[in-house]
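What follows is a short report on a single structure.
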Amino acid sequence: MHDFIMAEDSELWDVICDGPFVPTKNLGNPAIAIPKTMKEFNDTDRKATEKNFRAKKILGPDEYNRILACQSAKEIWEALQTAHEGTTQVKQSKIDMLTTEYELFRMKDDESIQDMYTSFTSITNELHSLGESIPRNKLVRKILIVLPSSWESKVNAIMEANDL
């Protein structure tokens, strides 16, 4: 999502990270900055505040119910991050659980190669989405190791041929 937004407009990412621009005016002595009313906006103010609406539009269409109460693109981004990744502690727990699943992964006796590979890919894709990538050579080695003994001669030939 970050790369998509950056390609769209780098100022949008600033709005998401820092919160929306709120045009202000100085009032009183000593001067205090207070928000301008919409009637007081100049062209620069309008353009700057439109960034928040554009960022909300990019972030929100598929997640409308989750973001309905959010006032800014930054709040939407934080809500979506929490919904999809969870807090840092939850994210780390997911990574730990998936890493354990990966380490203990075995092909079941009644499982086809395709079903085994689908289960395996599900674990590794979820780890990747949480920022934990496993090098391809380790993934290949793991698949070869989890194959049942009936595949032993083929596994040995593959490992020797590829010097795994």
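Keep in mind it's a predicted model, so treat the numbers as computed, not measured. For this chain, numbers begin at 1 and follow the sequence in order.
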Margin query: Can you list everything that forms a side-chain contact (heavy atoms from CB on, under 4.5 Å) with L127? Sequence neighbours excluded, please.
Written below: I95, L98, T99, Y102, I123, E132, I134

Next item on the list: Identify, with sequence neighbours excluded, every residue that meets side-chain contact (heavy atoms from CB on, under 4.5 Å) alongside P35.
Entry: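 side-chain contact (heavy atoms from CB on, under 4.5 Å) check on P35 returns V22.
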
Item checked: Check: S122 side chain, T118 main-chain N or O, donor-acceptor pair, under 3.5 Å ->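 Flag not set: sc S122 to bb T118 has no pair under 3.5 Å.
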
Minimum-distance pair of heavy atoms, taken over all atoms of [X] and [Y]:
{"X": "V146", "Y": "M107", "answer": "O-CB, 3.3 Å"}
{"X": "S133", "Y": "H128", "answer": "OG-ND1, 2.7 Å"}
{"X": "N26", "Y": "A31", "answer": "CB-CB, 3.9 Å"}
{"X": "K142", "Y": "L104", "answer": "NZ-N, 4.5 Å"}
{"X": "T44", "Y": "N42", "answer": "N-OD1, 3.0 Å"}

Margin query: Taking side chain to side chain donor-acceptor pair (under 3.5 Å) as the definition, give me every residue that meets it alongside S93, ordered by chain and number, with sequence neighbours left out.
Written below: none

Note to self: Checking N29 now: which residues fulfil side chain to side chain donor-acceptor pair (under 3.5 Å) with it, not counting sequence neighbours?
What the structure shows: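 Not a single residue meets the side chain to side chain donor-acceptor pair (under 3.5 Å) criterion with N29.
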
Item checked: Where at least one partner belongs to residues 25-39, residue pairs that pass salt bridge (Lys or Arg N to Asp or Glu O under 4.0 Å), sequence neighbours excluded ->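 Found K25-E40, K36-D45.
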
Next item on the list: Sorted by first residue and then second, give each salt bridge (Lys or Arg N to Asp or Glu O under 4.0 Å) pair with at least one member in residues 100-118; sequence neighbours left out.
Entry: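 Passing the test, one end in residues 100-118: no pairs.
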
Next item on the list: Could you list the residues that satisfy ring pair (Phe, Tyr, Trp, His ring centres under 6.0 Å) with Y117, not counting sequence neighbours?
Entry: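 If we apply the ring pair (Phe, Tyr, Trp, His ring centres under 6.0 Å) test to Y117, skipping adjacent residues, there are no hits.
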
Item checked: Distance in Å, E75 CD paired with E78 CD, rounded so as to fall on 0.5 Å steps ->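 Going from the CD atom of E75 to the CD atom of E78 covers 7.5 Å.
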
Notebook entry, point to check: Between CD of E126 and OG1 of T121, what distance do you get to the nearest 0.5 Å?
Noted result: 12.5 Å

Note to self: Could you go through L139 and F120, starting from their C-alpha distance and side-chain angles, then the distance that decides it, and tell me whether this counts as side chain to side chain contact (heavy atoms under 4.5 Å, CB included)?
What the structure shows: CA-CA 9 Å; L139 295 174; F120 183 77; 3.9 Å; yes

Item checked: Transitive ILVMFWY cluster of I34, excluding itself - 4.5 Å side-chain cut-off -> L27, I32

Notebook entry, point to check: Can you tell if the side chain of L130 reaches within under 4.5 Å of the side chain of Q92, non-hydrogen atoms only?
Noted result: no

